[in-house]
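Some notes on the structure that comes next.
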Amino acid sequence: AKEVGGNSYQFFSTEMAARAQAKLGIESSLRRAFNHQEFFLVYQPQFDLRTRKISGFEALLRWAHPTEGTIGPSRFIPVAEETGLIIPLGAWVLQTACRQAMAWRKAGFPRMRMAVNISARQFARPDFIDLVEGVLKETGLEPELLEIELTETTVMESIEEAITTLTDLKIRKVNLAIDDFGTGYSSLIYLKHFPFDRIKIAQEFVRNIPGDPEDRAIVEAILVMGRSLKLAVIAEGVEKKEQLDFLTKRHCHEMQGYYFGRPACAGEIPGRIISGGLH
Ligand code: C2E
Ligand code: CA
Ligand code: CA
């Protein structure tokens with residue numbers, strides 16, 4: 001680690017050293033994992049209540065660790081972002097998800113969106129549009145079937161650039177969704193300048209409805225706002241019938257969560273689900 005150089009070494013506490021060592025360990029094992037193709041994607045269905053069909057899937061990254069088993073993204077994405085590995089890894093995710101969407105199309109399944117999470121560091125790259133264009137061209141996936149998920153924090157980091165990139169994506173007919181809506185620092189004033197198609201209500205607000213009056217009010221406000229700004233709204237983390245009922249009554253048309261289906265490998269998703277059916 002670069003911190004361990006020069007005179008600063010003597011001020012380095014053992015705890016800091018241990019932490020740096022641990023990070024170094026994760027960093028090198030992440031690189032090794034990437035080179036050994038230990039990453040894989042799982043897909044979680046998104047359900048449209050009006051059509052009563054699956055409207056799309058979200059691709060979620062997993063690490064098949066040789067000794068520790070499957071590791072979720074919250075444990076390694078931050079390090080991948082810090083070290084820059086997110087750039088090749090994120091490109092691989094985009095390509096793999098689009099290939100899978102295309103494979104389902106070629107197998108005769110109905111048109112469905114494929115949503116891909118993009119980290120701030122990926123989005124800020126000047127060649128991000130080229131990457132998206134390249135992947136769409138290579139896979140042959142219709143841009144209308146790709147959805148890019150960005151957090152509020154990602155787009156607020158550099159507003160002018162974000163508007164340009166988002167507009168470029170929109171010109172190319174790619175769908176744009178705001179992930180974890182309500183958790184970042186967002187400005188409603190900017191929201192209207194961003195060409196988003198969809199808002200994803202963060203899981204943390206969905207978790208405690210209908211019981212928690214504050215979360216209920218937040219969810220209701222997001223739904224009203226989405227309607228007036230003509231943005232589609234999807235609720236994340238729907239696990240229970242009571243949540244589904246609350247959201248249905250308030251005209252939330254799309255939902256995602258364990259209630260409808262857990263993320264699964266492409267090969268484990270039954271054909272009837274990819275065909276749009278529920279269970
Ligand atoms: P996210 O984008 O908000 O993804 C939703 C997370 O909620 C996923 O966790 C999913 O498995 C989980 N989830 C879905 N339904 C339910 C439910 O009903 N209840 C509960 N408790 N959880 C549910 P996961 O897969 O661990 O991903 C965590 C985060 O890691 C994602 O949050 C996303 O921010 C990030 N991530 C995942 N894949 C990628 C990727 O390919 N690239 C980047 N940059 N980030 C990724
Ligand atoms: Ca997401
Ligand atoms: Ca989310």
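Indexing begins at 1, ligand by ligand and atom by atom, following the structure's order. By convention here, the first residue in the shown sequence is residue 1. The model shown is predicted, which means the values in this text are computed figures rather than measured ones. Side chains included, hydrogens not; waters and symmetry mates left out as well; all remaining heavy atoms used.
Note that CG of L89 is 10.5 Å distant from CZ of R31, once rounded to the nearest 0.5 Å.
Closest to atom 15 (N) of ligand 1 among all protein heavy atoms lies Q44 NE2, 2.9 Å. Residue, atom and distance of the protein heavy atom nearest to atom 7 (O) of ligand 1 are Q203 OE1, 3.0 Å. Here the heavy atom of the protein found nearest to atom 5 (C) of ligand 1 is E236 OE1, 3.7 Å. For atom 16 (C) of ligand 1, the closest non-hydrogen atom of the protein is Y258 CE2, 3.2 Å. Among protein heavy atoms, the minimum distance from atom 27 (O) of ligand 1 is reached at P73 CG, 3.2 Å.
For ligand 1, the polar-atom distance check finds an N/O of N117 within less than 3.5 Å of one of the ligand's N/O atoms. For ligand 1, none of its N or O atoms has an N or O atom of E81 under 3.5 Å away. Here's the thing with Y259: none of its N/O atoms is less than 3.5 angstrom from an N/O atom of ligand 1. An N or O contact shorter than 3.5 Å is missing between E149 and ligand 1 by distance. Looking at ligand 1, you won't find any N or O of A59 less than 3.5 Å from one of its N or O atoms.
When the Ca ion (ligand 2) is compared with the N/O/S atoms of E58, atom OE2 turns out nearest. Note on E149: its N/O/S atom closest to the Ca ion (ligand 2) is OE1. Take the N/O/S atoms of D180: the one nearest the Ca ion (ligand 3) is OD1.
Rounding to 10°, one obtains 90° for the angle at the Ca ion (ligand 3) between OD1 (D179) and OE2 (E236).
Ring geometry for Y43 against W104 counts as perpendicular: the plane angle is over 60°, on a 0 to 90° scale with 30° as the lower cut.
Within ligand 1, counting atoms from 1 as listed, the ones closer than 4.0 Å to a heavy atom of D180 are 3 (O). Numbered from 1 in the order shown, with element, the atoms of ligand 1 that lie under 4.0 Å from a heavy atom of E239 read 17 (C), 18 (O), 19 (N), 20 (C), 21 (N). Within ligand 1, counting atoms from 1 as listed, the ones closer than 4.0 Å to a heavy atom of E58 are 2 (O), 4 (O). Contact atoms of ligand 1 toward P263: 11 (O) (distance under 4.0 Å to a heavy atom of the residue).
The part of I77 lying near ligand 1 is the side chain, judged by heavy-atom distances below 4.0 Å. The residue L41 has no part lying near ligand 1, judged by heavy-atom distances below 4.0 Å. Contact annotation for Q256 and ligand 1: no heavy atom of the residue comes within less than 4.0 Å of the ligand. Of all the heavy atoms of V116, none lies under 4.0 Å from any atom of ligand 1, so neither backbone nor side chain is involved.
The shortest side-chain heavy-atom distance between E152 and I178 falls under the 4.5 Å cut-off.
Note on R32 versus E38: salt bridge recorded, some NZ/NE/NH1/NH2 to OD/OE distance being below 4.0 Å. The pair D212-R207 fails the salt-bridge criterion, with no side-chain N (NZ, NE, NH1 or NH2) lying under 4.0 Å from an Asp/Glu carboxylate O. Taking a cutoff of 4.0 Å between a charged side-chain nitrogen and a carboxylate oxygen, R121 and E82 do not qualify as a salt bridge.
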